[in-house]
Amino acid sequence: MNVTEFQQWVKDYYKMRDWSDLDIFIRIGFLAEETGEIIGFLIGFLSQSRMNKAYIHFVGVHPEYRGKKIGKQLYSLFFDVTKQNGRNTIRCVTSPVNKTSIAYHTNMGFKIEQGDKELNNISVHTNYDGVNQDCVLFVKHLV
């Protein structure tokens with residue numbers, strides 16, 4: 001996928017979820033490319049109501065490029081921009097079945113926030129993303 005295709009994918013993704021009006025947020029995005037093809041991305045935003053918080057909305061690294069610290073570089077860039085904008089708390093969510101994401105975030109220093117039930121020894125927030133859409137919530141405090 002090239003940059004133009006990625007931009008269209010993001011636009012369609014937001015439109016399909018009726019999130020097109022989320023421009024109230026200051027969106028921050030980073031791409032990792034190799035020979036014109038996107039191999040990783042991170043999209044986050046700075047909260048407009050909680051001036052110390054930022055959120056990672058979604059992130060991905062092409063499977064062939066995992067384990068090469070691309071995700072770590074994307075997160076580091078986001079952390080830097082977050083700190084430059086006076087934010088010290090980063091939040092993100094994932095599905096309780098996404099064991100790879102849970103392991104990755106905890107290895108990056110994110111803490112799992114206490115939810116209202118446990119699933120496979122992981123604290124989960126029930127119906128967080130809609131009915132039967134449980135999520136694991138993470139928080140990381142930057143120093």
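Residue numbers start at 1 and run along the sequence shown. These values consider heavy atoms only, across backbone and side chains, with no hydrogens, waters or symmetry-generated copies.
No continuous path of hydrophobic side-chain contacts links L42 to V139 [ILVMFWY only; heavy atoms under 4.5 Å]. The hydrophobic clustering, which links ILVMFWY residues whose side-chain heavy atoms are closer than 4.5 Å, places L137 and V124 apart. Under a hydrophobic clustering in which Ile, Leu, Val, Met, Phe, Trp and Tyr are joined whenever their side-chain heavy atoms come within less than 4.5 Å, directly or via other members, I112 and Y128 fall into different clusters.
Under 3.5 Å, the side chains of T126 and D134 contain no donor-acceptor pair of N or O atoms.
Remark: of the listed residues V97, T94, N107, N120, T94 is the sole one forming a side-chain contact (heavy atoms from CB on, under 4.5 Å) with I102.
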Item to complete: Before giving the answer on side chain to side chain contact (heavy atoms under 4.5 Å, CB included), spell out for F78 and V59 the whole-Å C-alpha distance, their side-chain angles and the decisive distance to 0.1 Å.
Response: CA-CA 11 Å; F78 185 75; V59 62; over 6 Å; no
Worksheet entry | Derivation of the side chain to side chain contact (heavy atoms under 4.5 Å, CB included) call for E113 and H125 | CA-CA 9 Å; E113 293 190 311; H125 294 254; 4.1 Å; yes
Item to complete: Step by step, work out the side chain to side chain contact (heavy atoms under 4.5 Å, CB included) result for V93 and V136.
Response: CA-CA 6 Å; V93 303; V136 177; over 6 Å; no
Worksheet item: Do Y75 and H105 pass the side chain to side chain contact (heavy atoms under 4.5 Å, CB included) test, and can you show the C-alpha distance, the side-chain angles, and the key distance before you say yes or no?
Response: CA-CA 10 Å; Y75 275 75; H105 285 92; 2.7 Å; yes
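If you take OG1 on T82 and NZ on K140, they are separated by 11.5 Å, rounding to the nearest 0.5 Å. Rounded to the nearest 0.5 angstrom, H62 NE2 and E37 CD are separated by 9.0 Å. Atom CG of L119 and atom CD1 of I122 lie 8.5 Å apart (nearest 0.5 Å). Put simply, CD1 on I90 and CG on L142 are 4.5 Å apart, with the number rounded to the nearest 0.5 Å.
Side-chain N or O atoms of N52 include none that pairs as donor or acceptor with a backbone N or O of N88 at under 3.5 Å. The backbone N or O of E118 sits nowhere less than 3.5 Å from a side-chain atom of S123 that would complete a donor-acceptor pair. Judged purely by atom type and a 3.5 angstrom limit, R91 has no side-chain atom pairing as donor or acceptor with the backbone of K53. Looking at S101, its side chain never comes within 3.5 Å of a backbone N or O of N98 through a donor-acceptor pair.
Ring-plane geometry between Y55 and F45 is classed as parallel, the angle between the planes falling under 30 degrees on a 0 to 90 degree scale with a further cut at 60. F138 and F110 have perpendicular rings, their planes meeting at more than 60° on a 0 to 90° scale where under 30° would count as parallel.
For the pair A32 and L74, the tightest heavy-atom approach, listed with the atom from each and the gap, is N-CD2, 4.3 Å. Closest approach of P96 to C135, counting heavy atoms only: CD-CA, 4.1 Å. R87 and S47 get closest at one heavy-atom pair: NH1-O, 2.7 Å. A pairwise comparison of heavy atoms in I70 and G40 identifies CG2-CA, 4.5 Å as the closest pair. Nearest approach of V61 to R66, heavy atoms of both residues: O-NE, 2.9 Å.
Counting heavy atoms from C-beta on, the side chains of E33 and F41 never come closer than 4.5 Å. Here the side chains of F30 and Q73 are not in contact, with every heavy-atom distance at 4.5 Å or above.
Sparse packing is recorded around NZ of K72, with 12 or fewer heavy atoms of other residues, nucleotides or ligands lying under 6.0 Å away.
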